[in-house]
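Values below: every heavy atom of this structure, side chains too, minus hydrogens, waters and symmetry copies. Chain A is the first sequence line, chain B the second, and so forth, proteins listed ahead of strands; every chain is numbered from 1.
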Amino acid sequence: MSNLYNRPICVASGLLLPFLFFANPPWLTLMGVGPCWAVLWLLPWALVDGPKSAAIAGMLLGCLLDGMTLGDATYIPSLLCLGLWWGNLGVRREPFERRLNLGLLAWLGSCWVGITLWLQFVLRNHEEPSQWLGSWGFSTVLAQSLLTGLIAPIFCSFILLFFRKQKALILEKNRFGR
Amino acid sequence: MAAPIWAAPFRLKNLLKIWPIIILATALFVVRWTKGAAFADFYALALRPFWPGTAQKHWIESGLDIQLQSKLRLLEQDNQRLRALLSLERASGEERISAPVISRVPGGWWQQIELGKGRVDGIMNGAPVLGPGGLIGIVESATPFTSRVRLLTSPKSRIGVWVPRLKRHGILTGVGTSRPKLVFLEKDPQVRPGDLISTSPASTLLPPNVPIGVLQSFDSAASFEPSGFVQLIASPEAIDWVQIQVR
């Protein structure tokens, strides 16, 4: 088994996300909206560990975040899809080295998560379509995706390096045995 | 023997002889006319070094505080008695517990705060949460040691409110922004910006007569239902401690 799941420190890093969600540092918010921490963590995981592992990680992360929020809207489908997409990108292409690529992927991922949440709110609250553009959901999607895209080049590249190192350790251990 | 001065025929020379009496009479007339203002002012100025110190001022102020508190207590007791007669929810400030805000997500998708007290302290789901100034939300879920509060700004929040000036009901709905939407059921509710919005005096779910906010804008020409936006008195962004009404 060469998945990141085998490294407790990698799993523990994911368990830090609820604390980041709760802390919601005000200096790291845009219009009162914080970054999408789940996207910032899932992106490097998926790029390093592949689609299956990332889909499972996305689903588990979605469960974790749903447990910390009020309301019926869920993160699970959007994070599951992102895990599959980014996992495939990580497997098929050359390893991501450019930070701007990470920023762009995180921005797109955050937009996707935001839009799925927004749609869930709109459909459940039966909002009029004419009010969609003026509603708070639109500004939240914009603010959150922009902030996530700006933070990702720094945050994700650190975690990406960390996960790659852990993955290399796992592979090395598997190759030479214990 | 010379004749007295008032018996003498009027002459300017004689008048000059009685000038001290005239000046004294004028001064006394001024004193009477001004109700002794100059005397009082002079008295105050002269005795300024001997005025009572600030301690006495504090005594008087604390006496006033005690008087106001006892008056408030009597009014509250009176209010409780009348509410009991009308079989309405009790409005008691004694059943509130304070809790620290340990996490705050006032904007974005989830408008919620996390409190540092839970079921162990008697907090149950549905308990109203009050900040300094008024109601800020309702406890949505509680663990043994924490409680999660849905803020009034959250899109899922929907409570009945009251306009005390007009004695009219409305529905306060969160729309995700910092200003919830107030919807009236009547076509012409006659409200105007600046009206206070509070919980209903007949409310059974929320503590009665608790201020919530001030109507900031109102659109009476709305096609279906007249609505406006309310500026909340207690802002969740800046609150570190809240009070929870426990039953």
Between B:R104, B:K156, B:R148, which residue shows the highest count of heavy-atom pairs closer than 4.5 Å to chain A? B:R148

So which part of A:A73 gets closer than 4.5 Å to some heavy atom of chain B, the side chain, the backbone, both or neither? both

Just give me the residue among A:T140, A:L70, A:N24 that pairs up with chain B most often, heavy atom to heavy atom, under 4.5 Å. A:L70

Neighbourhood of chain B inside residues 58-68 of chain A, taking heavy atoms under 4.5 Å as contact: A:G67, A:M68

Could you tell me whether the side chain of B:W162 reaches within less than 4.5 Å of the side chain of B:H169, counting heavy atoms only? yes

Are more than 12 heavy atoms, taken from residues, nucleotides or ligands other than B:R158, located less than 6.0 Å from that residue's CZ atom? no

Considering heavy atoms only, which positions within residues 26-45 of chain A lie below 4.5 Å of chain B? A:G32, A:V33

Tell me whether B:S70 contacts the main-chain N or O of B:I66 through its side chain, where contact means a donor paired with an acceptor under 3.5 Å. yes

What distance do B:S235 atom OG and B:I233 atom CD1 have between them, rounded to the nearest 0.5 Å? 11.5 Å

B:E76 side chain to B:L72 main-chain N or O, any donor-acceptor pair under 3.5 Å? no

Please tell me if the side chains of A:L117 and A:S78 come closer than 4.5 Å, counting only heavy atoms from C-beta onward. no

Side chains of B:T143 and B:T146, donor plus acceptor under 3.5 Å: yes

Just by distance, do the side chain of B:T199 and the backbone of B:P207 share a donor-acceptor pair under 3.5 Å? yes

Heavy-atom side-chain proximity of B:Q111 to B:R150 below 4.5 angstrom: no

Mind checking whether A:W118 and A:F138 have parallel, tilted or perpendicular rings, split at 30° and 60°? tilted

Can you check side-chain contact (heavy atoms from CB on, under 4.5 Å) on B:V149 and B:I138, steps first, answer last? CA-CA 5 Å; B:V149 178; B:I138 311 281; 5.7 Å; no

